[in-house]
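A quick note: this is a predicted structure, and the numbers were derived from the prediction, not measured.
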Amino acid sequence: TAIEYAEEGSIAPRWHVIEDEVTPDSRLNEFPASHPISQLLLDKRVGDTVHLAPGRVGSRPATIRQILDKYVYRYQRCLEEFQLRFPDANELQMVQVRHKPDGELDISDIEAQVRQSYEVKRNAIAMYATQPLPLQFVGEFVDGGVFDAVQYLALDDQSILRCSPDTPHERQNSLIAIAQANEVVLDLSAIATLVLTEGIALLEALDRPVIISQNCSEEMDRLCRRVHDGSPRGKGYMSWREGRLMFTEVSEEAHLARETHLADGFDRIKRVAKVLPCRELAELDSEKKNVLVRILGRHGAQAVLLARKPGRALWTDDFMQASCALQEYGVRSIWSELVAMHLQSRGMIEPKAAADFVATLVGFRYQSIMITPATFLACGAKAGWNANVTPLKQALEPLRQGGPTESVLGLAIGVASEVERQIEDHTLRTEVASLVVRAILSRSDGLQAVGWLRHLLRNREEWVGYI
């Protein structure tokens with residue numbers, strides 16, 4: 001039991017912890033139950049008065065202010081003193097909330113801190129969107145690592161997630177890499193994607209051994225411990241949105257659902273993957289090792305070096321990691337969208353499953369994803385064929401701002417064929433034709449392109465009738 005009392009005339013209260021399980025330490029305000037003051041405080045209630053020096057000239061009367069379980073007392077002390085003991089740490093911060101003259105709580109300090117944190121994150125994400133930066137860079141600003149960076153970017157509708165190259169030549173090289181690889185090294189960014197999209201079935205369908213680095217496995221364990229440590233959880237979180245401070249409530253059920261989803265996903269991945277140590281990182285020149293770890297994180301550095309072995313490919317959704325791996329170590333990389341397309345081409349997953357998975361990536365603004373006709377229809381179905389809703393909004397971009405007219409017409413004709421194969425409803429067919437044509441018309445060469453499209457689709461009633 002921990003008891004707080006205040007003597008009459010004294011401003012500072014004192015704590016007295018009655019310790020009956022371990023040897024008491026008076027430096028921590030711990031005393032045995034046999035201690036004279038412990039005897040005075042036992043069986044008392046808040047508000048009771050005790051005399052700390054009975055029988056003396058001054059009996060030193062004191063009033064009991066609080067009675068707490070000793071573990072609650074220690075927990076509260078940890079919270080209160082964390083910043084003082086560890087001034088460089090930001091995991092836990094304490095703010096004193098005062099009242100305004102009108103009686104309302106003054107939360108201006110909290111508001112300023114949350115706004116500053118938001119602006120720092122937005123600046124980091126803006127830099128990531130416009131400069132060649134790895135996901136590790138974003139992770140440092142979202143109070144986590146690569147796993148948290150993927151989740152944050154994917155769920156933030158103002159962000160992008162750069163997962164792959166944007167040239168046909170590089171894409172072809174990666175297709176060759178996955179076809180020729182005897183083993184695949186799975187990076188944490190790809191693990192984050194698979195957990196986020198519930199796409200672990202792709203990994204389970206892969207017909208070759210999968211490797212994860214020792215540090216990647218440890219990072220997964222750390223993430224699980226972070227959500228399963230049994231510590232008290234907050235009822236929500238504060239954020240800066242729409243120019244003001246907002247509080248989003250998170251129920252206990254939501255906490256448990258996320259924990260279960262994460263733990264189950266990691267368990268499935270570890271049942272498939274083999275964990276390997278990376279002695280190559282320890283053997284690397286110290287200066288080069290430090291730079292690599294600083295850029296990619298230890299798990300990312302280990303993944304790159306493990307993938308350097310002939311016959312292996314690196315599966316990563318961090319394009320800058322893939323670029324670094326290729327330029328510095330000759331490592332060939334693949335990414336989640338490419339894996340889905342490869343599995344479909346080999347008959348290892350159904351075409352609809354592949355299209356739905358890629359459509360989910362499109363909705364999370366993974367770039368640069370190839371929009372195929374099947375993916376386009378999957379995006380449309382997920383968005384209810386509303387052109388302003390994710391992921392159809394993103395899937396229409398290649399028609400609006402795509403490259404050469406030939407590639408745009410190729411996609412439009414492919415969509416027309418896929419519509420004819422998948423959609424029976426005449427009204428919906430016409431609606432899809434309308435969306436495609438309107439998107440093409442927004443191009444600078446839109447009228448000419450639609451004219452060519454009319455000619456090429458002259459035998460398809462819905463399209464000719466609309467165009």
Side-chain angles (χ1 to χ4, degrees), residues 134-140 142 144-155 161-164 174 178 181 183-206 208-228 258-278 281 293 295-307 312-322 324-325 331 333-340 342-343 349 357-358 360-361 364 366 369:
L135 287 170
Q136 179 72 15
F137 169 83
V138 180
E140 292 174 359
V142 296
V146 167
F147 189 92
D148 300 277
V150 170
Q151 305 271 318
Y152 188 94
L153 292 171
L155 298 175
L161 207 157
R162 197 180 299 106
C163 68
S164 62
S174 293
I178 191 173
E183 296 177 306
V184 171
V185 178
L186 186 66
D187 177 65
L188 190 60
S189 61
I191 290 173
T193 295
L194 295 177
V195 173
L196 173 72
T197 61
E198 300 184 3
I200 298 174
L202 269 68
L203 183 67
E204 295 167 334
L206 202 60
R208 62 208 69 186
V210 176
I211 296 167
I212 58 176
S213 71
Q214 181 68 45
N215 194 260
C216 180
S217 175
E218 292 170 0
E219 184 69 7
M220 293 164 71
D221 291 340
R222 184 190 70 81
L223 287 164
C224 275
R225 284 198 299 271
R226 186 178 70 183
V227 296
H228 281 103
R258 181 184 181 279
E259 291 175 0
T260 302
H261 177 68
L262 194 61
D264 289 350
F266 286 168
D267 286 345
R268 289 174 64 186
I269 291 169
K270 288 195 172 185
R271 283 198 294 268
V272 173
K274 176 172 60 175
V275 179
L276 289 184
C278 184
L281 184 61
V293 170
I295 294 173
L296 303 178
R298 183 168 293 274
H299 55 81
Q302 287 186 354
V304 168
L305 296 176
L306 286 173
R312 290 178 179 172
L314 173 65
W315 181 354
T316 174
D317 285 330
D318 184 349
F319 177 56
M320 285 313 302
Q321 181 189 25
C324 174
V331 172
S333 298
I334 58 179
W335 56 93
S336 295
E337 176 237 350
L338 194 81
V339 173
H342 169 78
L343 293 174
I349 61 173
F357 174 77
V358 176
T360 301
L361 297 181
F364 285 136
Y366 277 60
I369 299 293

Task: Check: Leu306 main-chain N/O paired with Arg312 side-chain donor or acceptor under 3.5 Å - done: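 Answer holds: yes.
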- [ ] For Asp148 and Gly145, indicate whether the former's side chain and the latter's backbone hold a donor-acceptor pair under 3.5 Å.
- [x]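 Answer holds: yes.
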Just verifying a value: how many Å separate [X] [atom1] and [Y] [atom2], rounded to the nearest 0.5 Å?
| X | Y | atom1 | atom2 | result |
| --- | --- | --- | --- | --- |
| Ser164 | Trp335 | OG | CH2 | 5.0 Å |
| Ser217 | Leu188 | OG | CG | 10.5 Å |
| Cys324 | Leu296 | SG | CG | 5.0 Å |
| His299 | Asp187 | NE2 | CG | 7.0 Å |

Heavy-atom check, side chain of [X] versus side chain of [Y], under 4.5 Å:
| X | Y | answer |
| --- | --- | --- |
| Leu196 | Leu155 | yes |
| Glu337 | His342 | no |
| Val146 | Glu219 | no |
| Ile269 | Ile200 | yes |
| Glu198 | His261 | yes |
| Phe357 | Leu202 | yes |
| Gln302 | Cys216 | no |
| Leu314 | Ile334 | no |

- [ ] For Thr193 and Tyr366, run side chain to side chain donor-acceptor pair (under 3.5 Å): C-alpha distance rounded to whole Å, both residues' side-chain angles, the deciding distance at 0.1 Å, then the answer.
- [x] CA-CA 10 Å; Thr193 295; Tyr366 277 60; 2.7 Å; yes
- [ ] Examine Tyr152 together with Phe147 and report whether their ring centres are nearer than 6.0 Å.
- [x]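 Not under 6.0 Å, so no.
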- [ ] Grab the two heavy atoms, one from Ser189 and one from Gln321, that are nearest each other, plus how far apart they are.
- [x]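 Of all heavy-atom pairs spanning Ser189 and Gln321, the closest is OG-OE1, 4.3 Å.
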TODO: Compare every heavy atom of Ala181 with every heavy atom of Ala313, then report the nearest pair and how far apart it is.
DONE: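 Of all heavy-atom pairs spanning Ala313 and Ala181, the closest is CB-CB, 3.8 Å.
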Task: Trp315: which of Ile191, Leu338, Val210, Leu206 passes side chain to side chain contact (heavy atoms under 4.5 Å, CB included) - done: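 Checked Ile191, Leu338, Val210, Leu206 against Trp315; only one passes side chain to side chain contact (heavy atoms under 4.5 Å, CB included): Leu206.
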Open item on the list: Apply side-chain contact (heavy atoms from CB on, under 4.5 Å) to residues Leu153 and Leu135 and explain how you reach the verdict.
Closed with: CA-CA 10 Å; Leu153 292 171; Leu135 287 170; 3.6 Å; yes
Task: Worked check of side chain to side chain donor-acceptor pair (under 3.5 Å) between Asp318 and Thr316 - done: CA-CA 5 Å; Asp318 184 349; Thr316 174; 5.4 Å; no
Open item on the list: Tell me whether Arg162 at atom CZ has more than 12 heavy atoms from other residues, nucleotides or ligands lying less than 6.0 Å away.
Closed with: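 Yes, enclosed.
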Task: Short N-O contact, Arg208 and Glu183, less than 4.0 angstrom - done: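 Here Arg208 does not pair with Glu183 in a salt bridge, since their nearest N and O are not under 4.0 Å apart.
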Open item on the list: For Asn215 and Ser213, which I'm curious about, is there any donor-acceptor pair between the side chains at under 3.5 Å?
Closed with: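 The criterion, which ignores hydrogens and geometry beyond distance, is not satisfied for Ser213 and Asn215.
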